[in-house]
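These notes concern the structure reproduced below.
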Amino acid sequence: MTGMDSTGAAGFAAPARLDGGAVTRFAPSPTGELHLGNARTALFNYLLARRGGGRFILRIEDTDAQRSQEAHLAVVLEDLRWLGLAWDAGPDREDDRGPYRQSQRGALYARFFEALERRQAVYPCFCTPLELEAARRAQLGSGRPPRYAGTCRSLSEEQRRGKQAQGLAAMTRFRVPAGRRIEFVDLVHGPQSFLSDDIGDFVIRRADGTAAFFFSNAVDDASMGITHVLRGEDHLANTPRQLLILEALGLPVPSYGHVSLILGPDGAPLSKRHGATSVREYRAGGYRPEALRNHLFRLGHSSGEHGLLDLEAMVRAFDPAHLGRASAHFDAQQLKVWQKEAAHHLSPDEARAWLAPVLPAGLSESALSAFVTAILPNVVLPEDARPWVAIVFGPPPALEAGGEEIIRQAGASFFPAAAQAAGQSGNDLQAIAAAAREATGKKGAQLYMPLRLALTGRSHGPELAPLLKAMPPGAAHARLARFA
RNA sequence: GCUCCCUUCGUCUAGAGGCCCAGGACAUAGCCCUCUCAAGGCUGUAACACGGGUUCGAAUCCCGUAGGGAGCGCCA
């Protein structure tokens with residue numbers, strides 16, 4: 001661990017990594033659904049670990065018992081699995097570096113708390129939430145930074161005993177050293193420098209004895225052997241606190257990289273008013289994990305690779321040096337583009353499973369396959385398949401506006417011939433079109449548009465021949481005969 | 001209020017002083033292909049936030065301005 005140099009600056013250089021394999025982690029708190037921004041940092045950490053044969057660890061930051069819920073954890077785990085981000089160790093895959101829930105790491109925290117107390121790097125603070133809030137307000141009101149004033153910083157032993165005797169519960173604050181310059185090299189932002197005098201003494205242990213974020217997060221990274229931390233930029237200005245904690249404990253410091261936050265199209269932080277913001281919502285809407293992954297992969301990151309990348313290709317293409325510094329705007333239209341590509345890449349089996357929720361029941365495997373194959377090129381989301389289910393399997397569809405005119409222009413002999421061919425050949429477009437052409441001399445759009453309209457009711461849609469094949473026997477005849 | 005981060009086409013970005021009157025992808029427009037849509041092919045529109053410096057030369061370096069974001073919590 002680097003100490004202070006002669007100028008009083010502490011350099012926090014990343015320890016040398018000899019094996020080249022990065023140990024990364026994703027550390028969500030189970031207080032809600034997996035947000036897109038978090039999903040992206042999870043992806044980046046996963047890719048960084050997989051790149052050089054490292055390890056990807058899942059740690060659950062559930063120190064806030066009030067807000068942490070088992071149900072939320074289940075959802076987060078499910079969403080990560082859905083995204084394909086498999087972890088090497090986590091709450092469901094414990095090993096000797098665990099446990100991987102912070103709520104179960106109290107014993108380890110206690111040891112580090114003691115160490116800090118022995119070094120007098122921390123002190124008990126008896127200020128009440130009310131007092132602290134009042135002080136904050138006063139500071140903000142008079143245009144000063146809202147920092148802890150240090151009320152309990154230099155209480156005597158006697159005073160402390162007195163407070164305890166009054167039954168006041170103490171939280172623990174870290175004693176931030178004065179006059180220090182804290183420096184580190186951020187993986188994405190480069191050299192950073194902060195003054196310790198700008199940092200107030202912060203809480204590392206709550207009055208109820210549980211560890212606070214700055215502490216548990218830093219201590220766990222160190223004790224779990226994390227070498228690289230890719231996290232949201234909202235943590236950038238707080239990194240010096242964690243550096244101070246690790247220094248006081250003599251623990252190894254990971255390399256930190258702070259990725260930009262994801263913004264909405266209007267530049268404001270992505271929130272509900274922009275629409276869906278969680279993995280779960282996109283998943284429920286029928287989005288494909290590959291699509292979301294590819295969109296997230298490009299947000300704030302660039303690689304030379306174009307097109308839909310699978311996870312392995314992403315691992316190869318990912319480069320932390322190409323993480324952008326500017327915040328990225330989440331564009332639903334771009335996600336749709338990836339979704340379209342992902343959908344169209346689906347194998348017949350995958351497509352059938354994907355569309356299962358909107359497919360009619362009671363059909364044979366081959367009938368479903370024919371249908372899915374026919375409509376897939378025209379489907380982006382499962383919703384898009386719904387109308388075609390009705391058109392193909394339902395009663396003969398009504399003509400769209402303007403359709404009658406096109407039917408009329410086909411001529412009197414068109415549909416009798418087409419219907420008869422359909423009756424003889426089944427749902428065979430070739431035979432039907434040939435008969436109509438022979439009867440009327442029509443070709444091209446003149447020939448096919450009346451057929452498309454009569455058969456599907458619409459002028460736009462999937463390729464006609466496969467669509468016809470997907471229809472129940474006799475459907476073509478019944479639909480054409482309506483106009484004969 | 002203080003500290004920190006950010007600012008290149010609609011979007012994601014390439015760009016680390018001359019290779020850039022700024023390149024790519026997607027989106028978008030037009031054309032071709034075509035029974036429609038999609039796919040595919042071709043062509044096009046479109047950006048260095050602003051102002052000062054430094055330099056023979058700046059998207060790139062420096063200063064400032066504007067705009068956006070974050071942090072300063074017994075939340076993570």
Side-chain angles (χ1 to χ4, degrees), chain A residues 27-31 38 61-64 66-68 102 125 127-129 132-133 136 139-148 169-173 186 188-189 192-195 197-200 202-210 212-214 216-217 231-241 258 260-261 263 265-269 295 297-307 322 324-338 340-341 344 376-380 429 433 442-453 456 458-465:
Chain A
S29 59
T31 53
N38 289 336
E61 310 227 323
D62 56 353
T63 58
D64 185 343
Q66 304 291 318
R67 301 201 308 163
S68 298
Q102 290 190 325
C125 170
C127 297
T128 65
L132 292 171
E133 186 47 39
R136 271 179 67 80
Q139 287 168 322
L140 248 12
S142 62
R144 280 173 297 146
R147 278 204 286 276
Y148 180 60
M171 54 194 153
T172 304
R173 283 186 189 272
D186 189 272
V188 345
H189 291 281
Q192 303 293 311
S193 171
F194 294 86
L195 264 15
D197 292 343
D198 288 330
I199 304 171
F202 52 93
V203 175
I204 63 166
R205 178 168 54 182
R206 305 187 187 100
D208 67 3
T210 58
F213 170 78
F214 293 132
S216 54
N217 181 268
R231 58 183 356 177
E233 203 177 79
D234 47 338
H235 291 298
L236 181 57
N238 284 328
T239 303
R241 293 158 205 267
H258 291 90
S260 61
L261 267 16
L263 269 28
D266 58 354
H295 191 226
F297 180 69
R298 266 90 177 182
L299 272 182
H301 177 260
S302 66
S303 78
E305 301 299 317
H306 295 128
H322 280 134
R325 295 140 301 279
S327 36
H329 296 73
F330 187 84
D331 184 349
Q333 189 194 18
Q334 291 290 327
L335 174 59
K336 265 285 187 63
V337 173
W338 290 116
K340 185 196 273 185
E341 196 157 341
H344 295 179
L376 192 60
N378 288 62
V379 169
V380 175
L429 184 65
K442 306 267 189 202
K443 57 182 182 180
Q446 304 286 311
L447 175 64
Y448 284 97
M449 278 314 280
L451 290 175
R452 176 174 285 282
L453 255 331
T456 71
R458 296 185 173 195
S459 56
H460 297 314
E463 251 192 277
L464 209 40

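Chain naming here is simple, since letters A, B, ... match the order of the sequence lines and numbering starts at 1 in each. All values below were derived from every heavy atom in this structure, side-chain atoms included, with hydrogens, water molecules and symmetry-related copies excluded. Since we're looking at a predicted model, the values are computed, not measured.
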TODO: Figure out the CZ/P separation between A:Phe194 and B:A70, and round it to whole Å.
DONE: 16 Å
Open item on the list: Mind checking if A:Gln192 touches a base, just sugar-phosphate, or nothing, with heavy atoms under 4.0 Å?
Closed with: sugar-phosphate
- [ ] With a 3.5 angstrom cut-off on both distances, give the Watson-Crick or G-U wobble partner of B:G57, or none if there isn't one.
- [x] none
Task: Short side-chain N/O contact to B:A14 OP1/OP2 from A:Ser302, under 4.0 Å - done: yes
Open item on the list: Using a 4.0 Å heavy-atom cut-off, does A:His295 contact any base of the nucleic acid, only the sugar-phosphate backbone, or nothing at all?
Closed with: nothing
Task: Nucleotide opposite B:U34 in a Watson-Crick or G-U pair, distances under 3.5 Å - done: none
- [ ] In whole angstrom, give me the gap between the C1' atoms of B:A59 and B:G51.
- [x] 16 Å
Open item on the list: Going by purine N1 to pyrimidine N3 plus the second Watson-Crick contact, or the G-U wobble pair, all under 3.5 Å, which nucleotide sits opposite B:G67?
Closed with: B:C6
Task: Length of the line joining A:Glu341:CD and B:A25:C1', which is rounded to integer Å - done: 11 Å
Open item on the list: Just N and O in the side chain of A:Lys340: are any of them under 4.0 Å from OP1 or OP2 of B:A39?
Closed with: yes
- [ ] Round to the nearest Å and state the distance from A:Phe330 atom CZ to B:C26 atom C1'.
- [x] 14 Å
TODO: Measure the distance from CG on A:Leu132 to C1' on B:C72 and round it to the nearest whole Å.
DONE: 14 Å
- [ ] Measure the acute angle between the ring planes of A:His295 and A:Phe330, then classify it against the limits of 30° and 60° as parallel, tilted or perpendicular.
- [x] perpendicular
- [ ] Would you tell me if any nitrogen or oxygen in the side chain of A:His329 comes within less than 4.0 Å of OP1 or OP2 on B:C12?
- [x] yes
- [ ] Decide whether A:Arg458 and A:Thr456 meet the rule of one side-chain donor and one side-chain acceptor closer than 3.5 Å.
- [x] no
- [ ] Using atom CG of A:Asp197 as one end and atom P of B:U3 as the other, report the distance to the nearest whole Å.
- [x] 13 Å
TODO: Answer yes or no: does atom CD of A:Gln139 have more than 12 heavy-atom neighbours from other residues, nucleotides or ligands under 6.0 Å?
DONE: yes
- [ ] Check whether the side chain of A:Arg325 and the base of B:C5 form a donor-acceptor pair under 3.5 Å.
- [x] no
TODO: Using a 4.0 Å heavy-atom cut-off across all strands, classify A:His301 as base, sugar-phosphate, or nothing.
DONE: sugar-phosphate
- [ ] Rounded off to whole Å, could you give me the NE2-to-C1' distance for the A:His235 and B:U3 pair?
- [x] 18 Å
Open item on the list: Using only modelled atom types and a 3.5 angstrom limit, is any donor from either the side chain of A:Asp198 or the base of B:C2 paired with an acceptor on the other?
Closed with: no
Task: Spacing between A:Asn378 atom CG and B:U34 atom P, to the nearest angstrom - done: 19 Å
Open item on the list: Taking atom types as they are modelled, would you say the side chain of A:Gln334 forms a donor-acceptor pair with the base of B:C12 within the 3.5 Å cutoff?
Closed with: no
Open item on the list: Tell me the interatomic distance from A:Asn238, atom CG, to B:G71, atom P, rounded to whole angstroms.
Closed with: 8 Å
Task: A:Thr63 vs B:A76: side-chain N/O to OP1/OP2 distance below 4.0 Å - done: yes
Task: Heavy-atom side-chain contact between A:Thr239 and A:Gln192 under 4.5 Å - done: no
